[in-house]
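In each ligand, atom 1 is the first atom listed, and ligand 1 is the first ligand listed.
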Amino acid sequence: MIQHDALIVGAGLAGQSAALAAIRNGARDVAILTKVHPVRSHSCAAQGGIAASLGNSAPDSTESHEFDTVKGGDYLSDQTAATILAENAPDTIYELEHMGVVFSRTEDGKIAQRPFGGHTSPRACYAADRTGHAVLHGLYEQVMKAGVKTYSEWYMLSLVIEDRQCRGVVVMNIDTGEIETICAKAVFFGTGGYGRIFQTTTNAFASTGDGAVIAYRAGIPLEDMEFMQFHPTGLYRHGILASEGARGEGAYLINGKGERFMERYAKERMELAPRDIVSRAEQTEIDEGRGGEEDGGAVYLDLRHLGGGRIMERLPQIWQLAHDFLGIDMIKEPIPIQPTAHYSMGGIPTNTDGEVVDDQENSVVRGYYAAGECACVSTHGANRLGTNSLLEACVYGARTGRSIARYVLNGASDKGAEKALRDAQARAVEYVERVRAMDGPERTADIRTEMKHAMMQKCGVFREEKPLQELTGELQELRARFERASVMDRGRRFNTDILETIEMDHMLELTQIVAAGALARQESRGGHSRRDYPQRDDQSWLKHTLAYRQDDGTPALRYKSVEIVKYEPQERKY
Ligand SMILES: Cc1cc2nc3c(=O)[nH]c(=O)nc-3n(C[C@H](O)[C@H](O)[C@H](O)COP(=O)(O)OP(=O)(O)OC[C@H]3O[C@@H](n4cnc5c(N)ncnc54)[C@H](O)[C@@H]3O)c2cc1C
């Protein structure tokens, strides 16, 4: 059995920030475990920027950042969490800069800032359109310098919680296929989002929501899972992201008739309204027959008026992506785009110290922590503003790393964990062997394609009771078919077939939770938009969803209150 004081699962911005902060605050034995190489974590793909009210391009304040976040989240954010996010943003950026992260600059040498949707000042600090790459590599250098033990290409299979105390995890060394247990006084999840459950998504192959499902199966409820953000500018038919930074730089959205249609939906903020509003506007244009391309399924992002010089300096990566995937030179032509699943607002519930909580009273599960996209401290509420999630991963990752250091230095013990861990290991071995032996007539790839299509069609930008009910039935059928699927590769070493089958098992579980939350929530708020209940309903629905796994595998929904501190809910206009 492997042993560490603190185990950090996930090497994105949340995981690496947590590991560094834990070490800098005195924890000695901290290890990171990740299923992909650390710098292949999805954080690396982030393009447009990271928010902070530095005020380098126009006057700004932390209060304004805080309010924009709460309003952007359609008042479902827990307000202390949003305050902490905004207040810690400037120092976080300076710290990253001191670590060596190279940000783009203004003429006079300050960190440059561009406008982003829903932010009232230009607040996005960026490194061209490769911000995540710059920040993740900067942090990784520090993690290597600190000599953090890293289990790279190790896959977490399960989490062990006993008497509301976390004991460790069961993992597979992907290279050898061996299954091990890791006993830790503190376990942290920074395992990212679950965008891959949708057909069209910006998310990396690894964003399959493993951490959330593993927590759920260990008895932790999942919060606000029905709130998925659809980003307005995915490359048409690919879903690959064209950063909101493009609109931040001044790009227009036009429909098939060449009209700047945002005038009809957000007169003041136009293209820079929050993402939920812009995605709904696009989908409405498409659904009402004003889309473009041969099937009318796209609208366009038009950058031509920005000129080649500015495009190549500020947005070189998206020029390249449009060129490689669509064969389009965006200096000369608009790019066809569509809404694409992007960000998971919900996740593992935590308090503002990153401690996982498991009930309506926010009771803490000892030794278990989470931050970043897999978690729900609920800064983002029902809709995250662009550039707030890199920030959240860094701010709450580091904050949680400090809590972990306090916990392991203050006498946390891992005594008596052995039996529970050994039992969990035996169950994991049995599970993986069951997957290895799968030999039915169904192909996992077909089930995956159908699942993603069904989620996109029936639980996408717009939702409605009847399609959601149909979806619930379809998902149950897909689950039954999955039980009759087969695995082709039965080997031990680097068996991606088995891993993808396990990820598929996770995604099927997640789809049920998302669909159940969406069906139950009879209102429209942020990223959750019901055609049959088009209004926000604070009377009945100003509350967080908590989904608990029942013995028969289906989710039971409960609700907990939203923390309102400074900002009473108002009508949300842009
Ligand atoms: C294309 C794209 C562009 C974006 N652009 C921006 C932007 O400009 N600004 C912004 O604020 N946000 C942006 N976002 C969102 C932001 O990048 C993410 O929310 C954030 O980076 C998530 O960081 P994380 O550390 O929580 O998770 P991730 O970076 O996703 O890392 C997850 C980690 O968990 C590990 N892991 C997962 N499951 C397992 C398992 N079973 N076993 C072992 N390890 C596991 C993975 O290996 C990985 O290391 C963007 C997202 C995408 C997809």
**Student:** Can you list the atoms of ligand 1 that are under 4.0 Å from a heavy atom of Y343?
**Tutor:**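 Reading through ligand 1 atom by atom, the close ones are 19 (O).
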**Student:** At under 4.0 Å between heavy atoms, which part of T208 makes contact with ligand 1: side chain, backbone, both or neither?
**Tutor:**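 It is neither part, as no heavy atom is under 4.0 Å.
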**Student:** Taking the inter-plane angle between the rings of F198 and F230 on a 0 to 90° scale, is it parallel (under 30°), tilted (30 to 60°) or perpendicular (over 60°)?
**Tutor:**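 Judged by the thresholds at 30° and 60°, the geometry between F198 and F230 is perpendicular.
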**Student:** Taking side-chain hydrogen bond (donor to acceptor under 3.5 Å, both in side chains) as the criterion, tell me which of D276, N383, T202 meets it with Q229.
**Tutor:**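 The option that passes is N383.
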**Student:** Please state which option from G49, A212, G48, A46 has its nearest heavy atom closest to atom 9 (N) of ligand 1.
**Tutor:**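 Checking each option, the heavy atom nearest atom 9 (N) of ligand 1 is found in G49.
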**Student:** Counting only heavy atoms closer than 4.0 Å, does ligand 1 sit against the backbone of R384, its side chain, both, or neither?
**Tutor:**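 Side chain only.
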**Student:** How close does the nearest protein non-hydrogen atom get to atom 36 (N) of ligand 1, and which residue and atom is it?
**Tutor:**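 Among all protein heavy atoms, the one nearest atom 36 (N) of ligand 1 is K35 CG, 4.0 Å.
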**Student:** Looking at atom 16 (C) of ligand 1, what's its closest protein heavy atom, distance included?
**Tutor:**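 It is S389 OG, 3.4 Å.
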**Student:** For atom 27 (O) of ligand 1, find the nearest protein heavy atom and state the residue, atom name and distance (0.1 Å precision).
**Tutor:**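 Of the protein heavy atoms, G192 CA, 3.5 Å lies nearest.
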**Student:** Do we get R196 above F205's six-membered ring, with its NZ or CZ under 6.0 Å from the centre and within 45° of the axis?
**Tutor:**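 Yes, R196 and F205 form such a contact.
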**Student:** Looking at non-hydrogen atoms alone, which of A370, S41, G190 comes nearest to atom 32 (C) of ligand 1?
**Tutor:**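 Among A370, S41, G190, the closest heavy atom to atom 32 (C) of ligand 1 belongs to G190.
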**Student:** Between E433 and R492, is there a side-chain N and carboxylate O pair less than 4.0 Å apart?
**Tutor:**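 Salt bridge flag = yes for R492 with E433.
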**Student:** With heavy atoms of T387 as the reference, note each atom of ligand 1 found under 4.0 Å away.
**Tutor:**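 Counting atoms of ligand 1 from 1, those under 4.0 Å from T387 are 9 (N), 10 (C), 11 (O).
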**Student:** Can you check which of H37, E153, E373 brings a heavy atom nearest to atom 26 (O) of ligand 1?
**Tutor:**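 When every heavy atom of H37, E153, E373 is considered, E373 comes closest to atom 26 (O) of ligand 1.
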**Student:** Are any of the side-chain nitrogens in E392 or R384 under 4.0 Å away from the carboxylate oxygens of its partner?
**Tutor:**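 Answer for the salt bridge query: no.
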**Student:** Taking only heavy atoms of A11, which atoms of ligand 1 are found under 4.0 Å from at least one of them?
**Tutor:**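 Per the distance check, 33 (C), 48 (C), 49 (O).
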**Student:** When T387 is tested against each of R114, H119, Q113 for side-chain hydrogen bond (donor to acceptor under 3.5 Å, both in side chains), which residue passes?
**Tutor:**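 Only one option passes, and that is H119.
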**Student:** Are the ring centres of F227 and H380 closer than 6.0 Å?
**Tutor:**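 No; H380 has its ring centre 6.0 Å or more from that of F227.
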**Student:** Please write down residue, atom name and distance for the protein heavy atom closest to atom 37 (C) of ligand 1.
**Tutor:**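 I find the closest protein heavy atom is T191 O, 3.4 Å.
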**Student:** Give me the nearest non-hydrogen protein atom to atom 29 (O) of ligand 1 as residue plus atom name, then the distance to 0.1 Å.
**Tutor:**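 Among all protein heavy atoms, the one nearest atom 29 (O) of ligand 1 is S43 OG, 2.5 Å.
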**Student:** Of the listed options (L33, D210, V171), which comes nearest to atom 41 (N) of ligand 1 when hydrogens are ignored and any heavy atom counts?
**Tutor:**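 When every heavy atom of L33, D210, V171 is considered, D210 comes closest to atom 41 (N) of ligand 1.
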**Student:** Is the shortest side-chain N to carboxylate O distance from D505 to R217 below 4.0 Å?
**Tutor:**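 So D505 pairs with R217 through a salt bridge.
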**Student:** For atom 51 (C) of ligand 1, which protein heavy atom lies nearest, and how many Å away is it?
**Tutor:**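 Of the protein heavy atoms, H42 NE2, 3.3 Å lies nearest.
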**Student:** Considering only NZ, NE, NH1 and NH2 on the basic side and carboxylate oxygens on the acidic side, decide whether R105 and E97 come within less than 4.0 Å.
**Tutor:**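 Result for this pair is yes, salt bridge flagged.
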